[in-house]
Amino acid sequence: MIRLDNLTKVFDTPKGAVTAADHINMEVPAGEICILLGPSGCGKTTTLKMINRIIRPTSGKVFINDEDTTDLNTQELRRNIGYVIQQIGLFPNMTIEENITVVPKLLGWDKAKYRERARELMDMIALDPDAFLKRYPNELSGGQQQRIGVARALAADPPVMLMDEPFGAIDPINRAVIQDEFLKMQQALKKTIMFVSHDIDEAIKMGDRVAIFRAGRLEQYATPDDLLAAPKDEFVESFLGEDRALKRLNLVKVRDVVSDEIGTVSPGDTLETALARIDDFGYQNAILVVNDRRQPVGLITRAQARTTKGYCRDHFQNVPATVSLDDDLRKVASLMFSNDITWLPCVDEAGRVCGQITQRAMTHHLGSRFRPKEEAPATAASATKE
Amino acid sequence: MPIRSLKGALRIALLIAIFLLGVWSQSSGVIDDFIFYLPDVQFLAVQHLWLTLISGSLAILVAIPLGVVLSRPSMARFAESAMQVLNVGTTIPTLAVLALSMSFLGIGTVPAVFGLFVATLLPITRNTYAGLKGVNPALMEAAAGIGMSPAQRLLRVELPNALYVIFAGIRTALTINVGTVPLAFLIGAGGLGELIFTGIDLYDPVMMLSGAIPTALLAIVVDAIVATTAFLVVPRGVNPSRA
């Protein structure tokens, strides 16, 4: 847990005093990632760097796991906080192994233990220890270097990590990969992380909570979903962008929206039965054909069911796409748009049909979170339903 | 093809020229003249190297700590002015430095070593300072952020990363040093300058060359030794010649 209590930094510049961080109060619960987000010069990096005293606070306190860090020795404090910076900052004079084991050595671990730890960390970041440990940083790609940067920060297993735009200098494709890897690691490690970013999409993807900064002040501190659904003021709203409802698609899983009511037919049913089912369930266009194990086989369209006679097994069309319960709505929307359809069958881990997701249900789900903030709830509700 | 044959022709011409030079030097007795000076060359070369060794090691011992001290953030206010003083120091010709040190310390080895020390000090100090200042600030932030003390930062991060530049300074300084030692003869410290200057005064080219050629060879050997040391000592990751 990290708690900031009235943390303030005033810089004396030739042009007068500049308040870079103005009485910041916030708390990051243990095991969560908190993203500090804002335009450049908003004080997010200053706030982060006051936690490990790279920048000395003018006033205020930092608590880590309820312990006031003000009286701790600076070096001791820093050795117990993992630190990752945008420029990576691997020591080019040291091998990868030496880089990773710097902190354990500072803490006086014995050799066998820290060498073992280095191999363990390499496995964790999915780089082959035998191939990489003896190499030097300049022999690695940017993405690999930053993985090592993360490993170095994790080496002594600190409870808290500070990350200053860690993936900002990495190309977009590699960045997405590293973000995913990092989130996967975090699920197991459960570190308390403060993470500076200027990328709203990164913040939504990575953050359990997002703190929006503006001109040295903490504007809004909320979960990404709350933030997107209910921005506090115009600044936050404009910072999040006009497509903020679309950004929420990333945050909602199919599981949250799926309806388990889905009509199906089996290959052995006749097209007449299929037509009757389509009408029973009130479907517009088609009905899903599933086999004995309830795996999707194909679609029978209404037009086909009406004009043709025979069994479903002889007349079905291919299923354009299915989604699984853990996919996010962004993928669902994309599949719907690319296939020009308004619903998709959902399948579970075994590939069995377990429900359906409709465009209507998606817009309803997203709209319902916006409604409470509207001025006139009734009209707004009906407007979003249209 | 024409170029390659031209090169081949040149190479053959060169070999013929060297052969003719050998024939000429043997027939005119120059080689015997050189051999006549051999014992002098041996004695003076050792003296020469001692002057370089003593003044050079003193300069390294003083210059590196000086460069380190000047590069500390707390010294930032004085560092640039100090470097300016050292820069002005180098513009004074070495001969003048030797003359000045003679007027204070008399003649002999001590004023010569002092003069050479002063002449060698600057390149090493300047490169140490520049090398340390040139260390990527991100490395310094990372080093501080993971909890290294200032001394650990200096020893484990700053110096190793500046080492290549520091060695370049040592290399320049020692090569200049070897080339300057002949002047030390003028204030009575010996060295190969004895043969060079006496040869000039006596209008004896063979004597002069038996001082000048070993001086040049010594400079090349010292340069090679420092270069090899740098190659071996500077960590592979920050060593451009081992990349």
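Heavy atoms only: backbone and side chains are in, while hydrogens, waters and symmetry mates are out. Bear in mind the structure is a predicted one, so any value in this text is a computation, not a measurement.
- With a 4.5 angstrom heavy-atom cutoff, R152(A) touches chain B only via side-chain atoms.
- If you measure heavy-atom distances from M140(B) to chain A, you find no contacts under 4.5 Å at all.
- Atom CG of L139(B) and atom CD of Q87(A) lie 9.5 Å apart (nearest 0.5 Å).
- Counting only distance, with no hydrogens or angles, the side chain of R79(A) and the backbone of G147(B) share a donor-acceptor pair below 3.5 Å.
- With a threshold of 4.5 angstrom between heavy atoms, L107(A) does not approach chain B through any atom at all.
- Between E141(B) and I54(A), the shortest heavy-atom distance links the atoms O-CD1, 4.1 Å.
- Screening V84(A), N99(A), V102(A), I81(A) for a side-chain contact (heavy atoms from CB on, under 4.5 Å) involving I146(B) leaves a single residue, V102(A).
- Among the residues in residues 30-52 of chain A, those with a non-hydrogen atom closer than 4.5 angstrom to a non-hydrogen atom of chain B are K49(A), N52(A).
- When heavy atoms are compared at a cutoff of 4.5 Å, E98(A) does not approach chain B at all.
- One distance of note links CD of E158(B) with CZ of F91(A); it measures 11.0 Å at 0.5 Å rounding.
- In this structure a side-chain-to-backbone donor-acceptor pair under 3.5 Å is present from N93(A) to R156(B).
- The number of heavy-atom neighbours closer than 6.0 Å to CZ of F114(B), taken from other residues, nucleotides and ligands shown, is 12 or below.
- You'll find the side chain of T95(A) stays beyond 4.5 Å of the side chain of P235(B), heavy atoms only.
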